[in-house]
Amino acid sequence: MNQSGRIQEAYVLRLLTCVLEGLSELYFHAAMRECSRDDPLLEGYRLDEELGTLIAQRIGNGSRT
């Protein structure tokens, strides 16, 4: 939760090296378009960057390297 709205590919790749066998969950706020900048809950969020992280080839294929 400490990276909410700002999750980057390098961060997720580091997390994947620590995930134990079993079920795990990552929390993203990915978006394909800008949300209203008037929403104070989204201040500082980089939604398009999170979408890029979520669909990154090294993330999407389940890589643990």
Side-chain angles (χ1 to χ4, degrees):
M1 296 289 288
N2 65 344
Q3 296 290 323
S4 188
R6 298 176 303 278
I7 297 175
Q8 297 176 332
E9 184 176 343
Y11 175 75
V12 173
L13 291 171
R14 281 193 311 271
L15 286 178
L16 291 176
T17 65
C18 302
V19 174
L20 302 174
E21 291 296 323
L23 182 62
S24 296
E25 180 177 348
L26 295 176
Y27 174 85
F28 285 82
H29 279 296
M32 294 181 68
R33 59 184 161 81
E34 290 293 320
C35 295
S36 172
R37 292 295 177 195
D38 297 330
D39 187 342
L41 295 175
L42 297 177
E43 186 175 331
Y45 278 31
R46 297 189 300 248
L47 305 175
D48 54 341
E49 192 172 305
E50 281 204 1
L51 176 62
T53 297
L54 189 59
I55 63 175
Q57 183 67 32
R58 293 189 303 171
I59 304 286
N61 70 10
S63 174
R64 289 185 177 219
T65 60

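Positions are given from 1, in the same order as the sequence printed here.
Here the CG-CZ distance, from Leu16 to Arg14, works out to 11.0 Å after rounding to the nearest 0.5 Å. Considering CD of Glu9 and CD1 of Ile55, their distance stands at 10.5 Å, rounded to 0.5 Å.
Put simply, the side chain of Thr53 gets close to the backbone of Ile7: a donor and an acceptor are under 3.5 Å apart.
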